[in-house]
Amino acid sequence: MKNFIFQNPTKLVFGKGQIARLPQLIPAGKKIMVTYGGGSVRANGIYDQVCQALEGTDYIEFWGIEPNPTVETLRKAIITGKEQGVDFLLAVGGGSVLDGTKLIASGMLYDGDPWEIVRKGKADAAIPYASVMTLPATGSEMNSGAVISRTETREKFAFYTSYPAFSILDPEATYSLPPHQVACALADIFVHVMEQYLTTPGQSRIMDRWAEGLLMTVIEIAPKIRENQHDYDLMSDFMLTATLALNDFIRMGVTEDWATHMIGHELTALHGLTHGASLAIVLPGTMRVLRDQKKGKILQYGERVWGITAGTEEERVDEAIEKTEQFFRSLGLSTRLSQEGIGDDVIDEVQARFERLGAAFGEARNVDGRKAAEILRSSK
């Protein structure tokens, strides 16, 4: 294993009825801004629970943080927060609302354009913030990362800031999620794990087994969720798997990839494809193009996760890739660009953007513009 330092300060508050604990979790005397998305929290009852819990505290609301949050919207929230003297943020919604709130928290202590924070890749400081999570997917509730879009230039980049002070996860909040959102969330969780797992063999038995357990959990619960989205224990596994997939636990001392995510971000920025849906297309392409580099780990993944033991090594690699595509298709997601109307013009632009950035992603730092285009063409 490589050297590492691990610290994750976020307090997880898990289970039904935990939103009522907000008065005990938020420090006294804070001026709070509660951030929301488009309004689904009103329909599922979460909004009423938050309002009841915050009764008697000093808070304002900011609505309208989009899926794939845009800096244009977040600039407005930062201005409002500064004008109102806000010193604590509470994100109520999915990963996009929380990602946007991370930039608001950072922008509150920054004098320039918050997009500069995003392009720098990290924030120097941020006011405290926390979350009430309603859509498991990104793991944003227990990590320091966020991904922000800029409509003006059709760009999308990640940056890092402080961790949430706490995150409330109530599985009952997932009962009313649209099935397509759940499918995209499951794909996002799966690929988060794969980006930390499907790299270099023989680094850590602990990290490998932990990652494989999460992958097998996603595979097991996915069809059951499609049958019954109101099973509390099932949705608890869904919610907690999302958190564990990207809260730094399974990356300790091992190499990581993230090329699939970087390519997927461009598909979202250029074409508007939902993040999880983009990953379902790109990951199998990454496996196909980098099969020789990742061969040892693909064979391990195929045997341990899918039970693939028969055939030559090349046949087993082929079957592991096919099983991965089949899983995404079982969620109702596309696995080819043509299914989403994405053509060569988008592929060419992704290549050009990677080349302008001098991109070198993946565990071997060899996914540049040319390689990204090759991955996308294998996914047509």
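- No donor-acceptor pair closer than 3.5 Å links the side chain of Glu195 to the backbone N or O of His192.
- For the atom pair CE of Met133 and OG of Ser140, the computed distance is 6.0 Å after rounding to the nearest 0.5 Å.
- For Leu169 against Pro171, the heavy-atom pair with the smallest separation is O-CD, 3.6 Å.
- Distance check, rounded to the nearest 0.5 Å: CG of Leu214 to OG1 of Thr243 gives 10.5 Å.
- Ion pair Asp113/Arg75 flagged as a salt bridge, since at least one NZ, NE, NH1 or NH2 atom sits closer than 4.0 Å to an Asp/Glu carboxylate oxygen.
- In summary, Glu266 and Arg353 engage in a salt bridge, as defined by a charged side-chain N under 4.0 Å from a carboxylate O.
- Separating the CE atom in Met252 from the CG atom in Asn3 is a distance of 14.0 Å, to the nearest 0.5 Å.
- Around atom CD of Glu55, no more than 12 heavy atoms belonging to other residues, nucleotides or ligands sit under 6.0 Å away.
- Residue Lys294 forms a side chain to side chain donor-acceptor pair (under 3.5 Å) with just one option from Asp257, Thr199, Thr286, and that option is Asp257.
- Among pairs with a residue in residues 266-299, those fulfilling ring-ring contact (aromatic ring centres under 6.0 Å, His included) read His261-His275, His265-His275, at least two apart in sequence or across chains.
- Applying the ring-ring contact (aromatic ring centres under 6.0 Å, His included) test to pairs two or more places apart or on separate chains, those with a residue in residues 203-225 are Trp210-Phe249.
- Within the structure, ring-ring contact (aromatic ring centres under 6.0 Å, His included) contacts touching residues 137-181 (residues at least two apart or in different chains) are Tyr175-His230.
- With no hydrogens or angles considered, a side-chain donor-acceptor pair links Thr101 and Thr35 at under 3.5 Å.
- Distance alone, capped at 3.5 Å, is enough to place a donor-acceptor pair between the Arg365 side chain and the Ala360 backbone.
- Among pairs with a residue in residues 208-229, those fulfilling salt bridge (charged side-chain N to carboxylate O under 4.0 Å, His left out) read Asp208-Lys297, Arg209-Glu212, Glu212-Arg304, Glu220-Lys224, at least two apart in sequence or across chains.
- Taking a 6.0 Å sphere around NZ of Lys82, one finds it holds more than 12 heavy atoms contributed by other residues, nucleotides or ligands.
- Considering all non-hydrogen atoms of both residues, Gly145 and Asp99 come closest at O-OD1, 3.7 Å.
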Worksheet entry | Candidate pair Asn366 and Lys371, rule side-chain hydrogen bond (donor to acceptor under 3.5 Å, both in side chains), full reasoning | CA-CA 8 Å; Asn366 61 341; Lys371 190 70 72 175; over 6 Å; no

Fill in: From CA spacing to verdict: salt bridge (charged side-chain N to carboxylate O under 4.0 Å, His left out), Glu374, Arg370
CA-CA 6 Å; Glu374 185 179 351; Arg370 182 189 62 78; 3.6 Å; yes

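- Listed for the Ser204 side chain is a donor-acceptor partner under 3.5 Å among the backbone atoms of Ile206.
- Under a 3.5 Å cut-off, the side chain of Gln203 and the backbone N or O of Thr255 do form a donor-acceptor pair.
- Between the side chain of Glu340 and the main chain of Arg336, no donor-acceptor pair closer than 3.5 Å is present.
- Proximity of a side-chain donor or acceptor of Gln18 to a complementary backbone N or O of Phe14 within less than 3.5 Å is detected.
- With Glu172 contributing its side chain and Tyr232 its backbone, the two residues share no donor-acceptor pair below 3.5 Å.
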Worksheet item: Hey, mind stepping through Ser96 and Glu66 against side-chain hydrogen bond (donor to acceptor under 3.5 Å, both in side chains) and telling me if it holds?
Response: CA-CA 7 Å; Ser96 290; Glu66 313 92 338; over 6 Å; no

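- Between Thr73 and Ile65, the shortest heavy-atom contact is CG2-CA, 4.4 Å.
- At a cut-off of 3.5 Å, with distance as the only test, no side-chain donor of Thr312 or Glu314 sits close to an acceptor on the other residue.
- Contact record, Leu177 with Pro136: CD1-CD, 4.1 Å, taken as the closest heavy-atom pair.
- For the atom pair CG of Asp124 and CG of Leu109, the computed distance is 10.0 Å after rounding to the nearest 0.5 Å.
- Taking the six-membered ring for Trp and thresholds of 30 and 60 degrees, Trp63 and Tyr47 have ring planes inclined between 30 and 60 degrees apart.
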Item to complete: Evaluate the criterion side-chain hydrogen bond (donor to acceptor under 3.5 Å, both in side chains) for residue pair Thr161 and Ser106; output intermediate values, then yes/no.
Response: CA-CA 7 Å; Thr161 184; Ser106 304; 2.9 Å; yes

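- For Met1, the CE atom sits in a packed shell: over 12 heavy atoms of surrounding residues, nucleotides or ligands are nearer than 6.0 Å.
- Heavy-atom minimum distance, Gly276 versus Ala187: O-CB, 3.6 Å.
- At distances below 3.5 Å, not a single donor-acceptor pair connects side-chain atoms of Gln196 with backbone N or O atoms of Asp248.
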Practice prompt. Please report the C-alpha distance between Thr10 and Ser167 in whole Å, then the side-chain angles of each, then the deciding distance to 0.1 Å, and finally whether the side-chain hydrogen bond (donor to acceptor under 3.5 Å, both in side chains) criterion is met.
Written response: CA-CA 7 Å; Thr10 302; Ser167 287; 5.8 Å; no

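- Between the CG atom in Leu357 and the CG atom in Asp368 there is a gap of 12.0 Å [rounded to 0.5 Å].
- Interatomic distance, Leu244 CG to Thr241 OG1, rounded to the nearest 0.5 Å: 6.5 Å.
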Item to complete: Walk me through it: do Lys380 and Asp344 pass the test salt bridge (charged side-chain N to carboxylate O under 4.0 Å, His left out)?
Response: CA-CA 9 Å; Lys380 290 172 66 175; Asp344 287 333; 3.0 Å; yes

Practice prompt. Given salt bridge (charged side-chain N to carboxylate O under 4.0 Å, His left out), test Arg329 with Glu322 step by step and report yes or no.
Written response: CA-CA 10 Å; Arg329 289 196 293 268; Glu322 176 58 27; 2.7 Å; yes

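- Counting only distance, with no hydrogens or angles, the side chain of Asn247 and the backbone of Gly139 share no donor-acceptor pair below 3.5 Å.
- Within a 6.0 Å sphere centred on CD of Glu355, heavy atoms belonging to other residues, nucleotides or ligands number more than 12.
- Shown here are the side-chain hydrogen bond (donor to acceptor under 3.5 Å, both in side chains) partners of Arg377, two or more places apart in sequence or in another chain: Asp348.
- Around atom NZ of Lys76, no more than 12 heavy atoms belonging to other residues, nucleotides or ligands sit under 6.0 Å away.
- Among the candidates Asn44, Ile46, Thr134, the single residue satisfying the side chain to side chain contact (heavy atoms under 4.5 Å, CB included) test with Ser176 is Asn44.
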Item to complete: Verify salt bridge (charged side-chain N to carboxylate O under 4.0 Å, His left out) between Glu349 and Arg356, making sure each step is shown before the conclusion.
Response: CA-CA 10 Å; Glu349 179 58 24; Arg356 287 196 296 270; 3.2 Å; yes

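- Taking the ring centre of Trp258 as origin, the terminal cationic atom of Arg251 falls outside the region bounded by 6.0 Å and 45° from the ring axis.
- For the ring-ring contact (aromatic ring centres under 6.0 Å, His included) condition, no pair includes a residue of residues 93-147, sequence neighbours left out.
- The two residues Ser378 and Val289 make their nearest non-hydrogen contact at OG-CG2, 3.8 Å.
- Judged by distance alone, with hydrogens and angles left aside, the side-chain atoms of Thr268 form a donor-acceptor pair with the main-chain N or O of Leu273 at under 3.5 Å.
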